[in-house]
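Heads up: the structure comes next, in structure tokens.
The figures that follow rest on heavy atoms only: side chains count, while hydrogens, waters and symmetry mates do not. Since we're looking at a predicted model, the values are computed, not measured.
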Amino acid sequence: IYVHSPITPCGCRLPVLRKNQENEDEWPLAEILSVKEIPGRKLYYVHYIDFNKRLDEWVTPERLDMKKLQFPKKEAKTPTKNGLPGSRPSSPEREVRKSLDLNLQTATAPSRGKTLPTPKRKAESVSLATQVSPATPVPSLPGLAEASQVSVYPAVRDTNTFNLKSNAHDDHEQLTSLTTVHQHFITLPFCNDQSLASHYYCVSDSQDSSDGIPSAPRMTGSLVSDRSHDDIVTRMKNIDCIELGRHRLKPWYFSPYPQELTTLPILYLCEFCLKYLKSLKCLQRHLTKCNLRHPPGNEIYRKGTISFFEIDGRKNKTYSQNLCLLAKCFLDHKTLYYDTDPFLFYVMTEYDSKGFHIVGYFSKEKESTEDYNVACILTLPPYQRRGYGKLLIEFSYELSKVEGKTGTPEKPLSDLGLLSYRSYWSQTILEILMDLKPDNGERPQITINEISEITSVKKEDVISTLQYLNLINYYKGQYILTLSEDIVEGHERAMQKRHLPIDPKCLHFTPKDWSKRGKW
């Protein structure tokens, strides 16, 4: 029974006891989103302020610190009683406090751990552009003739340096893209060029997870969610547990599975066709009839036990919809479209004697006007922190290389997605810079365009990564990239951990020109 009466404390804030990563007690501020009654007591669904929504949970009254209860701020002045000034109606605040106190009377006051009224940890689920670290401040750009070469000087023994040269027709765009952030915008000089004048990065001070999200999703197939319609239902997890093959998963976010399935203690999924069933008996009966032992579609990559399958959202609509439902349990910033026709899904699997087991996937638009090579990307929780995320990202760029395009993921990225992409971009670009050799004793030179063409990483992402790594400096009238020993050693350690690189020789993929097709 979910309670939303006037005397329930929904919307109130107060410290709530939880365990941190060090298994210590802490009391972060939380908002009560809902209350439900079970035999003998109430449970409160809380969202920890400035924490990711995947940490939201049901808590008992004993974990609430009622002494610091904060009521929602009223939008308007308190109305007068019977229209007479000075007379106010009875406030519901006493009833709320009284209601909570009754639940707390049976529990002894818990020992207070350290109080965290304002937790420092924040979800970094914002557009990549908002996360760019400013490069070392540089003076105003030199003239075009002077700035045609961007060099790197070996100032000290422990640094590697490179020339960052520019093509003649890209001088304006490349050099101005390396300008540092001073306030809220990276503006481009040479504004007489209209294409450059309108090209800037917006850098917001806010870390809110809704930053950078458009007011409405694009109709061309974007999976960015429209957060303006969030309500109390979609803010709460509605599935307790999912059984997928040999794994049981605890969902992080709301997913629009049928309402009658949300009350079940466990939701069962067929790990091959992803059909959802209400009981283990139903699943066992389904498995006797399900002929799939791998995702539907074409297997376009296999090396060792790792395979990738390409699935057309139009030809395999039911599987694609079931995949989206599962993925929505772990993706907060993407919406779910039942019209999967405009999308291709690339599912990564791990093979054993029982079949091909889903590890993760990414989707992409068949036709993207904004050079997106990924719409959604997810590694299922049992396979996280094992290198599969970077493998998915690397595979998406291998497809872009075959297509002869540069690509970028659709923004905003989740906090975990942002970390994975930053790490992949950093390792890929550093690998190229470290492989450069001096030419006739001269310092090695490379352009932003060349890095982009080699990696298929979009130019804006290359620049933001160089800024994030703080590699760009200004020295003797030239822009230079400086690699310190710390960066080189850190990169070498990271590359030693990557045991699962994509082998382009094992990829069997022919890109299709979807623009020439009447219908996807």
| task | Would you tell me whether Tyr388 and Glu350 have side-chain atoms, one donor and one acceptor, within less than 3.5 Å of each other? | result | yes
| said: Is a donor from one side chain sitting under 3.5 angstrom from an acceptor on the other, for Ser464 and Glu460? | reply: no
| Flag side-chain contact, heavy atom, 4.5 Å: Thr465 against Leu471 | no
| message | Closer than 3.5 angstrom, by distance alone: can the side chain of Asp312 be matched with the main-chain N or O of Gly297 as a donor-acceptor pair? | response | no
| query | Do we get Arg54 above Tyr253's six-membered ring, with its NZ or CZ under 6.0 Å from the centre and within 45° of the axis? | reply | no
| task | For Arg385, look at atom CZ and say whether over 12 heavy atoms of other residues, nucleotides or ligands are found less than 6.0 Å away. | result | no
| field | pair Glu367-Glu365: side-chain heavy atoms closer than 4.5 Å | value | no
| task | Verify salt bridge (charged side-chain N to carboxylate O under 4.0 Å, His left out) between Lys411 and Glu370, making sure each step is shown before the conclusion. | result | CA-CA 11 Å; Lys411 312 299 189 304; Glu370 301 180 47; over 6 Å; no
| Under 4.0 Å between a Lys/Arg side-chain N and an Asp/Glu carboxylate O for Glu453 and Lys459? | no
| request: Kindly say whether Arg422 contributes a backbone atom to a donor-acceptor pair with the side chain of Ser426 at under 3.5 angstrom? | output: yes
| message | Tell me if a side-chain donor or acceptor on Asp503 pairs with a main-chain N or O of Lys505 at a distance below 3.5 Å. | response | yes
| query | Checking Lys303 side chain against Ile502 main chain: does a donor-acceptor pair fall under 3.5 Å? | reply | no
| task | Answer whether the closest heavy-atom distance between the side chains of Leu331 and Ile377 falls below 4.5 Å. | result | no
| What closest approach, in Å, do Asn322 and Cys273 show between heavy atoms, and which atom pair accounts for it? | ND2-O, 3.7 Å
| Salt bridge flag under 4.0 Å for residues Lys317 and Asp341 | yes
| request: Check the side chains of Ser423 and Lys390 for a donor-acceptor pair under 3.5 angstrom, ignoring hydrogens and angles. | output: yes
| query | Should the pair Phe395 and Phe308 be assigned to parallel (<30°), tilted (30 to 60°) or perpendicular (>60°) ring geometry? | reply | parallel
| field | salt bridge (charged side-chain N to carboxylate O under 4.0 Å, His left out) assessment of Arg235 paired with Asp56 | value | CA-CA 9 Å; Arg235 290 181 66 188; Asp56 295 1; over 6 Å; no
| request: For Val374 and Cys376, work out which heavy atoms get closest and say how close. | output: CG1-O, 3.6 Å
| remark: Residues Asp461 and Tyr397: closest non-hydrogen pair is OD2-OH, 4.4 Å
| request: Please work out whether the ring planes of Trp252 and Phe330 are parallel, tilted or perpendicular, with thresholds of 30° and 60°. | output: perpendicular
| Proximity of His247 and Tyr383 rings by center, below 6.0 Å | yes
| query | Without hydrogens or angle criteria, can the side chains of Glu57 and Tyr48 be said to hold a donor-acceptor pair below 3.5 Å? | reply | yes
| note | One should read off an interatomic distance between Lys405 NZ and Ser456 OG, to the nearest 0.5 angstrom, of 11.0 Å
| query | Would Glu24 and Lys19 pass as an ion pair if we require N to O under 4.0 Å? | reply | no
| query | Is there a donor-acceptor contact under 3.5 Å linking the side chains of His491 and Glu431? | reply | yes
| remark: Heavy-atom closest pair (Leu392 atom, Phe362 atom, distance to 0.1 Å) is O-CE2, 3.8 Å
| query | Can you check whether Pro295 reaches Thr349 side chain to side chain, under 4.5 Å on heavy atoms? | reply | yes
| query | Any idea how Phe356 and Phe309 line up, ring-wise: parallel (<30°), tilted (30 to 60°), or perpendicular (>60°)? | reply | perpendicular
| task | Give the C-alpha distance, both sets of side-chain angles, the deciding distance and a yes or no for salt bridge (charged side-chain N to carboxylate O under 4.0 Å, His left out) between Lys458 and Asp371. | result | CA-CA 8 Å; Lys458 202 171 182 181; Asp371 296 329; 3.8 Å; yes
| request: Using atom types as modelled and distance alone, determine if a side-chain donor or acceptor of Asp352 lies under 3.5 Å from a backbone N or O of Gly355. | output: yes
| query | Minimum heavy-atom separation for Ser255 to Asn238, with atom names? | reply | O-ND2, 2.7 Å
| query | Would Thr379 and Gln384 count as having a side-chain donor-acceptor pair, cut-off 3.5 Å? | reply | no
| Is it true that the side chains of Asn373 and Ser400 contain a donor and an acceptor less than 3.5 Å apart? | yes
| Any side-chain donor paired with an acceptor under 3.5 Å for Glu410 and Tyr372? | no
| request: Decide yes or no for Leu380 and Val359: does some side-chain heavy atom of the first lie under 4.5 Å from some side-chain heavy atom of the second? | output: no
| query | Between the side chains of Glu271 and His357, is a donor N or O closer than 3.5 angstrom to an acceptor N or O? | reply | yes
| So which heavy atom on Ala327 is nearest to which on Leu378, and how close? | CA-CD2, 3.7 Å
